[in-house]
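Heads up: numbering here begins at 1 and tracks the sequence. A quick note: this is a predicted structure, and the numbers were derived from the prediction, not measured. FYI, side chains are in, hydrogens and waters are out, and symmetry mates aren't considered; it's all heavy atoms of this structure.
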Amino acid sequence: MFRNKSKLKSILQFVFVFLLVCFALFVTYYGQEVRRYNTTILAFNYSYGFISRGLLGTLYLGLDALIPKDILNYVDTANITFIATNVIMGIFFFLVLYILFKTSEKYLNGAQNIILFFAVFFVPMYYSLRNMGRPDIYMLFLTFLGLILIIWGKMEWLIIPFSILNVMIHQGYVFMFYNIFMYPLIYKIFQTTGKQRKKYIAILGTSFLSVSVLFLYFNFFSHISGQETYNAIYAMAAQLGNGGEVYETLLTHEILGIDPWDQEWPQHIYNFIELPIYCLLMSPFIVLGVRLFKNIILAAETKTDKIKYALFPLCSATILPCYILKIDFGRWIFAGLAYFALVILVLYALHDEIVTEQIEKLIADVQAKYSYAPLLLVYAATTIPLHDIHINEIMRSISEWLDSYLHIIA
């Protein structure tokens with residue numbers, strides 16, 4: 001029997017609102033299609049060797065062998081992707097519940113606000129047309145499981161295989177989402193002593209070394225030369241794609257090792273136009289974030305604690321190479337949002353007094369000074385869903401309008 005009835009009531013009330021918001025986001029943004037990039041990646045599998053991004057395709061082939069129905073076609077690929085997305089959303093819901101039950105009652109309001117803010121971006125991101133079936137959601141699935149273990153404080157060594165599997169899904173995990181494991185492990189190293197500290201150092205060191213080695217291997221040594229292999233993977237991709245569509249740039253890069261930089265450069269220019277405009281539009285949240293971390297570091301009394309909390313925003317810098325080297329700025333922005341939101345929620349569940357106290361003070365201060373503060377969540381919702389190449393539809397319209405007049409892209 002749950003003894004704290006007032007906390008239980010607060011959680012149940014929030015869950016009702018949370019599920020209602022998530023359902024509304026799903027109905028509004030569900031794209032009903034898996035696009036060619038996300039079907040093409042399922043054609044990669046380990047029958048061709050230990051190749052980059054081969055895990056999802058290998059698992060899909062295994063599923064095809066297990067069930068008495070041929071699923072190597074677009075309709076079944078789309079249906080299974082939808083089912084898998086729903087399951088991962090269910091794991092996210094479990095993580096949310098677990099965090100809320102672990103959070104102190106007096107800090108529930110802050111945790112609930114952060115959960116809603118993250119859900120506003122997360123749900124439409126992976127149900128919408130651009131990113132339905134994107135490998136990123138499978139990496140987040142294993143990330144959610146790892147965060148549950150970190151909060152639980154048991155079986156945390158599984159973070160090592162979870163991290164390895166995520167790099168096998170997509171080597172971009174190293175820059176995008178590994179930091180969601182990295183900082184909580186660093187935090188626990190600071191918080192513990194003796195054998196416990198050695199355990200977290202070992203988990204962090206082993207997982208970091210493993211993902212780094214795999215990243216280098218997949219980027220520089222896993223490419224396969226040979227038109228025959230390319231043709232075979234192309235044929236499988238066409239079989240899985242809607243109307244036989246194939247994302248050829250992905251195949252030539254991952255299989256033949258051809259750098260797509262020249263092809264992607266015009267899209268990169270769109271990214272460079274859109275990013276400063278998006279940052280300007282999101283400046284209310286950026287300012288609040290900077291203010292929050294300034295207050296957290298100032299509230300820390302010891303030099304060690306100041307270093308511990310300073311490392312929190314610094315660990316987000318792992319995403320920076322994505323902005324420099326690749327397109328898909330919408331994905332990189334979401335990765336940053338996921339990092340800050342999920343790690344803060346973990347700290348709520350771990351009862352970090354400084355972080356939770358400063359967030360509560362900031363929320364109270366904003367609500368006291370600005371009567372329109374509740375509308376910030378509504379304002380955030382105007383910028384969704386985040387896309388991939390273009391940040392979102394608003395940014396796409398702006399950059400294409402500017403290009404039509406200024407002819408920025410030759």
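With a 6.0 Å radius and a threshold of 12 heavy atoms from other residues, nucleotides or ligands, K303 has its NZ atom at or below the threshold. For CZ of F272, the number of neighbouring non-hydrogen atoms (other residues, nucleotides, ligands) closer than 6.0 Å is greater than 12.
By the 4.5 Å heavy-atom criterion applied to side chains, H253 and I258 are not counted as neighbours. Counting heavy atoms from C-beta on, the side chains of Y107 and E357 come closer than 4.5 Å. Here the side chains of W401 and R396 are not in contact, with every heavy-atom distance at 4.5 Å or above. Side-chain atoms of L25 and I384, non-hydrogen and from C-beta on, do get closer than 4.5 Å to each other. Proximity of S207 to F181: side-chain heavy atoms (C-beta onward) are nowhere separated by under 4.5 Å. Looking at F101 and L97, their side chains come closer than 4.5 Å, going by heavy atoms from C-beta outward. A heavy-atom distance below 4.5 Å is not found between the side chains of M176 and H170. Annotation: side chain of I148 is in contact with side chain of F94 (closest heavy-atom distance under 4.5 Å).
Of all non-hydrogen atoms in K188 and I150, the two that sit nearest each other are NZ-O, 2.6 Å. Across L240 and A43, no two heavy atoms sit closer than the pair CD1-N, 4.0 Å. Scanning both residues, A341 and I114, for their nearest heavy atoms gives O-CG2, 3.9 Å. Nearest approach of A349 to I151, heavy atoms of both residues: CB-CG2, 3.7 Å. Nearest heavy-atom pair, V120 versus A381, reported as atom, atom and distance to 0.1 Å: CG1-CA, 3.9 Å.
Here F92 and F141 keep their ring centres 6.0 angstrom or further from each other.
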- Show your reasoning for whether side-chain contact (heavy atoms from CB on, under 4.5 Å) applies to I137 and T85. CA-CA 8 Å; I137 195 171; T85 302; 3.8 Å; yes
- Task: Kindly indicate, with the supporting measurements, whether the criterion side-chain contact (heavy atoms from CB on, under 4.5 Å) is fulfilled by Q112 and S10.
- Result: CA-CA 10 Å; Q112 291 167 355; S10 176; 3.5 Å; yes
- When you look at V34 and N242, which way does the side-chain contact (heavy atoms from CB on, under 4.5 Å) test go after all the steps? CA-CA 8 Å; V34 182; N242 189 5; over 6 Å; no
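Among residues at least two apart or in separate chains, there is no side-chain hydrogen bond (donor to acceptor under 3.5 Å, both in side chains) pair with a member in residues 23-35. Residue pairs that meet the side-chain hydrogen bond (donor to acceptor under 3.5 Å, both in side chains) test with at least one member in residues 331-348, sequence neighbours left out, are D136-R331, D328-R331, Y348-E360.
In this structure, the side chain of N271 does not engage the main chain of H390 through any donor-acceptor pair within 3.5 Å. Under the 3.5 Å distance criterion, the side-chain polar atoms of Y217 are matched with a main-chain donor or acceptor of F50. A donor-acceptor distance shorter than 3.5 angstrom exists from the side chain of T318 to the backbone of F175, with no hydrogens or angles considered. For T58 (side chain) and Y46 (main-chain N/O), a donor-acceptor pair under 3.5 Å exists by modelled atom type. Side chain of T40 to main chain of Y37: no donor-acceptor pair is present (N/O by atom type, distance under 3.5 Å, no hydrogens or angles). Formation of a donor-acceptor pair under 3.5 Å by the K102 side chain with backbone atoms of W152 is not found in this model. T206 places no side-chain N or O within 3.5 Å of a backbone atom of I203 that could act as its donor or acceptor partner. Looking only at distances, no side-chain donor or acceptor of N166 sits under 3.5 Å from a matching main-chain atom of L142. With N45 contributing its side chain and L61 its backbone, the two residues share no donor-acceptor pair below 3.5 Å.
Looking only at atom types and distance, the side chain of N392 has no donor-acceptor partner in the side chain of T383 under 3.5 Å away. T77 and Y60 share a donor-acceptor pair across their side chains, judged by distance under 3.5 Å alone. One side chain, K308 or Q191, offers a donor N or O that lies under 3.5 Å from an acceptor on the other.
Among L345, L342, L350, the one residue that satisfies the side-chain contact (heavy atoms from CB on, under 4.5 Å) test with I99 is L345.
Taking the side chain to side chain donor-acceptor pair (under 3.5 Å) definition, one finds that D352 meets it with Y187, Y309, sequence neighbours left out. For the side-chain contact (heavy atoms from CB on, under 4.5 Å) test, residues two or more places apart in sequence or in another chain that qualify with S212 are F208. Considering only residues two or more places apart in sequence or on other chains, S104 meets the side chain to side chain donor-acceptor pair (under 3.5 Å) condition with H351. Contacts of S399 classified as side chain to side chain donor-acceptor pair (under 3.5 Å), with partners at least two apart in sequence or in another chain: E274. Every residue meeting the side-chain contact (heavy atoms from CB on, under 4.5 Å) condition with E105, not counting sequence neighbours, appears here in chain and number order: N4, S6, K7, L108. For A24, there are no side-chain contact (heavy atoms from CB on, under 4.5 Å) partners, not counting sequence neighbours. By the side chain to side chain donor-acceptor pair (under 3.5 Å) test, N219 is found to be paired with Q171, residues two or more places apart in sequence or in another chain being considered. Considering only residues two or more places apart in sequence or on other chains, E248 meets the side-chain contact (heavy atoms from CB on, under 4.5 Å) condition with Y230, Y234, V246.
A salt bridge links D388 and R134; the closest N-O separation between the charged side-chain nitrogens and carboxylate oxygens is under 4.0 Å.
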Please table the atom pairs, donor to acceptor, closer than 3.5 Å between any side-chain atom in residues 285-301 and protein atoms at least two apart or in another chain.
residue	atom	partner	partner atom	Å
R291	NH2	D365	OD2	2.1
N295	ND2	R291	O	3.3

Please report, to 0.1 Å, the donor-acceptor pairs under 3.5 Å made by any side chain of residues 121-128, with sequence neighbours excluded.
residue	atom	partner	partner atom	Å
Y127	OH	N86	OD1	2.4
S128	OG	P124	O	2.8
S128	OG	M125	O	3.3

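In this structure, F93 and F18 have parallel ring planes: the angle between them is below the 30° cut-off, well short of the 60° mark.
Atom-to-atom distance recorded for F221:CZ and L216:CG is 7.5 Å, nearest 0.5 angstrom. Residue R53 holds its CZ atom at 4.0 Å from CD of E254, rounded to the nearest 0.5 Å.
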